[in-house]
Amino acid sequence: GQPATTCHAFLGETVILPCTASSPGDVILSSSILYWQRTTSVVHFVYNGQDLLLHQDKHYRGRTSLFLDQMRHGNFSLKLSNVQVNDSGLYTCIYKQTGDYLSPTQKSEIELNVSAPSSTEEAPSPSGHSQISSRSSAAAPRLVTFPLSFHLLVTLWVWHL
């Protein structure tokens, strides 16, 4: 697959982990699964356009949200609030149309690096203005086809019923 996109955030900030559909015009939320995971933890789970957070890892409870108004346009990005140092790691965004068994499962990986802010202010630049570093990624990753994860999604879907 493609290499993971890397996002950076400071402790306590809100970060957006980018994830977009490879064919936004084909998104039908009423018959789809969107699954954000980290290792084996459920970070956020959407089934047929509805949040299903019963099995969400307690570490993420109350800190995750999606852009529901933009999901039908293929924006599956995850907003994670009040980031903690132990939020650092590899996140996986998986999307599958449930009504169309021929449609490919799409997968994207995002690496999150969380660091504590330095205790001193940044030194001003020679012009007298402080340097502001951008922590947003240059390009949002596109979901890539990942045919082997369909079994995982079916297992999760049955498990959540």
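Remark: the backbone N or O of V43 is paired with a side-chain donor or acceptor of Q56 at under 3.5 angstrom. With hydrogens and angles disregarded, no donor-acceptor distance shorter than 3.5 Å links the side chain of Q106 to the backbone of A21. No donor-acceptor pair under 3.5 Å is formed between the side chain of S30 and the backbone N or O of N48.
A chain of hydrophobic side-chain contacts below 4.5 Å, direct or via other Ile, Leu, Val, Met, Phe, Trp or Tyr residues, connects L66 to Y91. Both L68 and L29 are assigned to one and the same hydrophobic cluster, defined by single-linkage of ILVMFWY side chains at heavy-atom distances under 4.5 Å. A single hydrophobic cluster is not seen to contain both L53 and Y60; linkage of ILVMFWY side chains at heavy-atom distances under 4.5 Å, directly or through other members, places them apart.
The CD1 atom of I16 sits 6.5 Å away from the NZ atom of K79 when rounded to the nearest 0.5 Å. Atom CD1 in I110 sits 5.5 Å away from atom SG in C19 (nearest 0.5 Å). Here the OG atom belonging to S81 is positioned 11.5 Å from the CD atom belonging to E13, to the nearest 0.5 angstrom. Note that CG of L52 is 8.5 Å distant from OH of Y47, once rounded to the nearest 0.5 Å. Remark: T64 OG1 to D51 CG distance equals 7.5 Å, nearest 0.5 Å. Note that OG1 of T20 and CE of M71 are 12.5 Å apart. Values are rounded to the nearest 0.5 Å.
When all heavy atoms are compared, the tightest approach of A116 to L11 is CA-CB, 4.1 Å. Contact record, V27 with G74: CG2-CA, 4.0 Å, taken as the closest heavy-atom pair. The minimum heavy-atom distance linking L54 with R61 is given by the pair O-NH2, 3.7 Å. Of all non-hydrogen atoms in T105 and I94, the two that sit nearest each other are CG2-CG2, 3.7 Å. Nearest approach of I28 to Q97, heavy atoms of both residues: N-OE1, 3.0 Å.
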Trace of the salt bridge (charged side-chain N to carboxylate O under 4.0 Å, His left out) decision for R38 with D57: CA-CA 10 Å; R38 180 168 164 225; D57 186 302; over 6 Å; no
For a side chain to side chain contact (heavy atoms under 4.5 Å, CB included) check, start with the C-alpha distance between H44 and L34, then their side-chain angles and the critical distance, and finish with the verdict. CA-CA 8 Å; H44 205 99; L34 175 61; over 6 Å; no
Could you walk me through whether V42 and Y35 pass the side chain to side chain contact (heavy atoms under 4.5 Å, CB included) test, one step at a time? CA-CA 8 Å; V42 176; Y35 187 74; 3.2 Å; yes
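In this structure the side chain of V83 never reaches within 4.5 angstrom of the side chain of F10, judged on heavy atoms. Within the 4.5 Å cutoff, the side chain of T5 has no heavy atoms near those of the E111 side chain. Contact annotation: the side chain of V15 never approaches that of V114 to less than 4.5 Å [non-hydrogen atoms, C-beta and beyond].
Relative orientation of the Y95 and F76 rings is parallel, given thresholds of 30° and 60° on the angle between their planes.
Around CZ of R63, the count of heavy atoms belonging to other residues, nucleotides or ligands within 6.0 Å exceeds 12. At most 12 heavy atoms of other shown residues, nucleotides or ligands fall within 6.0 angstrom of atom CD in Q50.
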